[in-house]
Asks: 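Here it is, the structure in full.
Side chains are part of it too, since the values below use all heavy atoms of this structure and drop only hydrogens, waters and symmetry mates. Being a predicted model, the structure only gives us computed values, none of them experimental.
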2 protein chains.
Amino acid sequence: MTKSRGIEEGIRVAVSTVILTLRRETEEPRIALPLVRRIRDPHRDCWALPGGWLDPRESLEEAAARTLAETTGLAPSYLEQLYAFGAVNRSPGRVVSVVYWALLRPDTVDALGAQSTAPHDAAGAAPENVAWYDASDLPPLAFDHAQIIDYALWRLRNKVGYSRVAQGFLPPEFTLAELREAYETILGRRLDPANFRRQVESAGNLVPTDAFRTGSHRPARLYRNDTDVELADRGPLAPEETRTS
Amino acid sequence: MTKSRGIEEGIRVAVSTVILTLRRETEEPRIALPLVRRIRDPHRDCWALPGGWLDPRESLEEAAARTLAETTGLAPSYLEQLYAFGAVNRSPGRVVSVVYWALLRPDTVDALGAQSTAPHDAAGAAPENVAWYDASDLPPLAFDHAQIIDYALWRLRNKVGYSRVAQGFLPPEFTLAELREAYETILGRRLDPANFRRQVESAGNLVPTDAFRTGSHRPARLYRNDTDVELADRGPLAPEETRTS
DNA sequence: CCAAAAGTGTTGCCTGTACACCCATGT
DNA sequence: ACATGGGTGTACAGGCAACACTTTTGG
């Protein structure tokens, strides 16, 4: 408490975000995330998580939301703090990185025209040097970012078991098959449609609508999120404090 | 990424720790934690979590262990990152606090002579102005530390359900009744001794010894931790990285 | 009519819980 | 002997996984 004031100059605080979405272009959906190509020297030309320095006037979560918007032009459907990384050697010049993870709805991503692995160039300040990669097929990553992405995916798999974060991957209205597909992609295994239906229905988190998704075979009922309650516990902060402050 | 370099001066990084132990002086055990009385002005005379500024030469976890040792003279039996708090208004002059939570074995605490709510004065550099409080009966706390303690206790209650962190409250050898008592104190409810035995035995985390705790009635077998494996997942970092770096 | 997905029913296992009961020791 | 906690047996209930089965559409 009373020790080493004055030495702490030189510690910088960065905020990065693991931004996850679902790609449905291939036969099986895949988890994809945007990465930024580094143009400066520590790990130049490697790919890194979107992020930036913490501005003294914004909270950690605001910084995460800001850099996320700068990278993708979007607002996340879910945002939660992941971990604070502060090993001495993780970067030249002491950096503490507070990392968040976020979910994006694929429909909003598609609307911006982010296809394949090419940098997108939609409305807004979408920067160059951004590309979307499959989570299972990542390029060389800067710093400890590969570890961080692994941990974010572990947290997602974990949290999908006791919350409804998976709905962060879906538009406001969706069928149970689409929800199940999201679960299956996250967990990496097939789920029994019958049991899945019962579990998710008995959880009481879904509201059936009167609409049906027609198309290939028997129409499937559309559901929507219960209300505007959180998809999951996002941490220790009261809801007010995460918004304002 | 490229924004606002140079502005980030003025952000300081602090590391604090919620240090939990079990008090068995009363009839029912209670969770207790050490607090530090503030002598400087933001929240002067309030009580605060032990902590201090991050030294550029130490990792976050090392800083937590160091301030923990400075406060209690002890090494923790468990140490895990809790959350990074970075609201703009939580302290004058922008401070990001990376908070850890730790468990101490009561026997090591007792050996230092920490009794009741008086500051302890044992060997080492145990500072003045430290007092131990019941977690259920806290004094006025500085900053957002009351929230933080609540969150640490929530995390402990949660984690006790799917790991063996509770053993962080026990000496190397203990009876099942002692382990159950730790669980009961953490969870705040009674557990069935018979079922508790079976659950913890079938989990395979305990090794029975040939020793028995004699005393009041029928001797109880002593158990010890499986091996030196971790009590629980402590985060995304590989074990090596948490020790050295 | 057929394929295929939507949706329902049924069964069996496995786990947690409640609680009856025996065992071993100090007093 | 008896009170008390250590330790075992058992039976019931709820949840989940497996899978048979019916319903409803497009071709």
Asks: Taking the side chain of Q199(B) as its heavy atoms from C-beta onward, which of dG16(C), dG6(D), dA18(D) lies nearest to it?
Replies: dG16(C)
Asks: Between atom CZ in F212(A) and atom C1' in dG26(D), what is the gap in whole Å?
Replies: 17 Å
Asks: Between R190(A) and E28(A), does any side-chain N to carboxylate O distance fall below 4.0 Å?
Replies: yes
Asks: Between dA24(C), dA5(C), dA18(C), which one does the side chain of R218(A) approach most closely?
Replies: dA5(C)
Asks: How many Å lie between CG on N195(A) and C1' on dT10(C), as a whole number?
Replies: 11 Å
Asks: Select base, sugar-phosphate, or nothing to describe what R213(B) touches, counting heavy atoms under 4.0 Å on all strands.
Replies: nothing
Asks: Rounded to whole Å, please give me the gap between CG in L191(B) and P in dG16(C).
Replies: 13 Å
Asks: Just how far, in rounded Å, is P of dT15(C) from CZ of F196(B)?
Replies: 18 Å
Asks: Heavy atoms under 4.0 Å, any strand shown: does A194(A) hit a base, just sugar-phosphate, or nothing?
Replies: base
Asks: To the side chain of R221(A), which of dG7(C), dG26(D), dA18(D) is closest?
Replies: dG7(C)
Asks: Of L68(A), L60(A), L82(A), which meets side-chain contact (heavy atoms from CB on, under 4.5 Å) against Y100(A)?
Replies: L60(A)
Asks: Ignoring backbone atoms, establish whether R198(A) has a side-chain N or O less than 4.0 Å from OP1 or OP2 of dA17(D).
Replies: no
Asks: Please pick, from dG6(D), dG9(D), dG7(C), the nucleotide with the shortest atom-to-atom distance to any side-chain atom of A220(A).
Replies: dG7(C)
Asks: Would you say R197(A) places a side-chain N or O within less than 4.0 Å of OP1 or OP2 belonging to dG7(C)?
Replies: yes
Asks: Quick check against the 3.5 Å criterion: does D192(B) have a side-chain atom that pairs as donor or acceptor with the backbone of A194(B)?
Replies: yes
Asks: Rounded to the nearest Å, what distance is computed from the CZ atom of residue R180(B) to the P atom of nucleotide dG6(D)?
Replies: 6 Å
Asks: Round to the nearest Å and state the distance from L222(A) atom CG to dA6(C) atom P.
Replies: 12 Å
Asks: For R198(A) and N195(A), test the side chains for any donor-to-acceptor distance below 3.5 angstrom and give the result as yes or no.
Replies: yes
Asks: What's the CD-P distance between E201(A) and dG7(C), to the nearest Å?
Replies: 8 Å
Asks: Taking for each residue the nucleotide of DNA chain D bearing the nearest heavy atom, is the 5' side occupied by D192(B) or by D192(A)?
Replies: D192(B)
Asks: Classify the side-chain pair Q167(B)/Y223(B) by whether it contains a donor and acceptor separated by less than 3.5 Å.
Replies: no
Asks: Nearest heavy atom decides the nucleotide; on that basis, is P219(A) or L176(B) closer to the 5' end of DNA chain D?
Replies: L176(B)
Asks: In whole Å, what is the span from the OH atom of Y162(B) to the P atom of dG16(C)?
Replies: 17 Å
